[in-house]
Amino acid sequence: MTDLIFKIDKYLYGRGFLQPQVRLLLRTQLLVALFCVVSTVLAPLIGLWVVYFALAALLMTYNFYSLAKFVHLIVYQRFSKTLLFSLLIRVYGRLIVTGLALYVLVSWCHASLPALCAGLATVALTIVAWGLTRRLEQNVKEA
């Protein structure tokens with residue numbers, strides 16, 4: 001497991017994520033998504049719920065990764081209208097693609113809505129867990 005964590009960190013660092021906390025957050029979400037994908041092996045036992053959960057988690061992981069990468073790039077740039085326009089195009093473009101993917105999953109594949117909602121919530125739960133961990137670490141350091 002430590003080797004996998006090291007490889008993911010190396011990959012993220014190579015992609016320009018220099019801040020350790022951003023890498024930690026992305027690494028955690030990537031591990032959650034990887035676990036979801038691996039758990040689809042259990043689909044014959046549990047049903048398609050796991051597959052829809054994994055697809056939604058992968059979709060949100062892609063959105064989160066793309067947004068984190070773009071925000072990481074623009075933080076060090078000077079504000080301009082083209083930067084704002086680029087941000088809006090990227091965010092709304094991903095939003096449209098996400099909406100279309102969810103539409104296809106729900107209407108054509110008859111995906112389980114609770115499974116999709118749970119998969120979509122993985123990023124939010126990862127962020128909450130990361131924030132709580134940071135808060136607890138800060139309290140321990142102060143004590």
Side-chain angles (χ1 to χ4, degrees), residues 1-140:
M1 184 70 165
T2 331
D3 190 41
L4 178 63
I5 290 172
F6 177 74
K7 286 181 181 180
I8 292 173
D9 267 351
K10 185 178 175 183
Y11 172 81
L12 291 173
Y13 191 83
R15 297 286 183 255
F17 293 103
L18 305 178
Q19 298 294 325
Q21 290 300 317
V22 174
R23 275 198 321 272
L24 173 66
L25 189 55
L26 280 169
R27 175 179 17 114
T28 305
Q29 181 58 35
L30 286 171
L31 288 171
V32 167
L34 179 65
F35 175 75
C36 292
V37 169
V38 170
S39 68
T40 59
V41 172
L42 301 174
L45 301 174
I46 299 173
L48 289 177
W49 196 93
V50 177
V51 175
Y52 296 135
F53 177 82
L55 286 173
L58 283 174
L59 187 63
M60 285 309 292
T61 301
Y62 167 73
N63 282 326
F64 185 61
Y65 177 86
S66 298
L67 186 63
K69 184 167 181 64
F70 186 70
V71 168
H72 187 73
L73 291 174
I74 67 170
V75 165
Y76 300 109
Q77 293 183 8
R78 196 164 171 227
F79 178 78
S80 67
K81 288 183 182 180
T82 57
L83 187 64
L84 178 64
F85 183 71
S86 175
L87 176 66
L88 289 173
I89 292 296
R90 288 174 189 239
V91 168
Y92 284 114
R94 270 193 311 277
L95 186 62
I96 290 169
V97 169
T98 301
L100 288 173
L102 290 173
Y103 174 76
V104 167
L105 285 171
V106 170
S107 64
W108 291 351
C109 300
H110 304 290
S112 165
L113 290 179
L116 289 176
C117 289
L120 294 174
T122 57
V123 169
L125 293 175
T126 300
I127 292 170
V128 168
W130 171 78
L132 288 174
T133 304
R134 284 197 45 137
R135 181 69 177 160
L136 290 173
E137 286 174 356
Q138 189 177 30
N139 287 344
V140 169

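Since the structure is predicted, the reported quantities are computational estimates derived from the model, not experimental observations.
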Please walk me through it: do Ile5 and Leu31 pass side chain to side chain contact (heavy atoms under 4.5 Å, CB included)?
-> CA-CA 8 Å; Ile5 290 172; Leu31 288 171; 4.1 Å; yes
Test side chain to side chain contact (heavy atoms under 4.5 Å, CB included) applied to Leu30 and Leu12, step by step | CA-CA 10 Å; Leu30 286 171; Leu12 291 173; 4.1 Å; yes
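Counting only distance, with no hydrogens or angles, the side chain of Tyr52 and the backbone of Leu105 share no donor-acceptor pair below 3.5 Å.
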List the atom pairs, donor and acceptor, that lie under 3.5 Å between side-chain atoms in residues 90-103 and the rest of the protein, sequence neighbours left out.
residue : atom : partner : partner atom : Å
Arg90   : NE   : Ser86   : OG           : 3.4
Thr98   : OG1  : Asn63   : OD1          : 3.4
Thr98   : OG1  : Asn63   : ND2          : 2.7
Thr98   : OG1  : Arg94   : O            : 2.8

Side-chain donor-acceptor pairs of residues 111-123 under 3.5 Å, sequence neighbours excluded:
residue : atom : partner : partner atom : Å
Ser112  : OG   : Ala115  : N            : 3.4
Thr122  : OG1  : Gln29   : NE2          : 3.3
Thr122  : OG1  : Gly119  : O            : 2.9

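For Arg23, there are no side-chain hydrogen bond (donor to acceptor under 3.5 Å, both in side chains) partners two or more places apart in sequence or in a different chain. Tyr11 is linked by a side-chain hydrogen bond (donor to acceptor under 3.5 Å, both in side chains) to Arg15, counting only residues two or more places apart in sequence or in another chain. For the side-chain hydrogen bond (donor to acceptor under 3.5 Å, both in side chains) test, residues two or more places apart in sequence or in another chain that qualify with Ser80 are Thr82. Qualifying ring-ring contact (aromatic ring centres under 6.0 Å, His included) partners for Phe53, counting only residues two or more places apart in sequence or in other chains: Trp49. With sequence neighbours excluded, no residue forms a ring-ring contact (aromatic ring centres under 6.0 Å, His included) with Phe64. Residues satisfying the salt bridge (Lys or Arg N to Asp or Glu O under 4.0 Å) criterion with Lys10, sequence neighbours excluded, are absent altogether.
A salt bridge (charged side-chain N to carboxylate O under 4.0 Å, His left out) check over residues 122-131, counting only residues at least two apart or in different chains, returns nothing. Residue pairs that meet the ring pair (Phe, Tyr, Trp, His ring centres under 6.0 Å) test with at least one member in residues 110-138, sequence neighbours left out, do not exist here. Residues in residues 16-37 take part in these ring pair (Phe, Tyr, Trp, His ring centres under 6.0 Å) pairs, two or more places apart or across chains: Phe17-Tyr65, Phe17-His72. Here salt bridge (charged side-chain N to carboxylate O under 4.0 Å, His left out) pairs that include residues 32-48, with residues two or more places apart or in two chains, number zero.
Residue-environment remark: OH (Tyr62) stays at or below the threshold of 12 foreign heavy atoms within 6.0 Å.
Distance check: Leu26 CG to Thr61 OG1 gives 9.5 Å after rounding to the nearest 0.5 Å. Rounded to the nearest 0.5 angstrom, Asp9 CG and Thr2 OG1 are separated by 11.5 Å. Considering CG of Leu24 and OG1 of Thr126, their distance stands at 10.5 Å, rounded to 0.5 Å.
In this structure, the side chains of Leu55 and Thr40 stay at 4.5 Å or more apart for every pair of heavy atoms.
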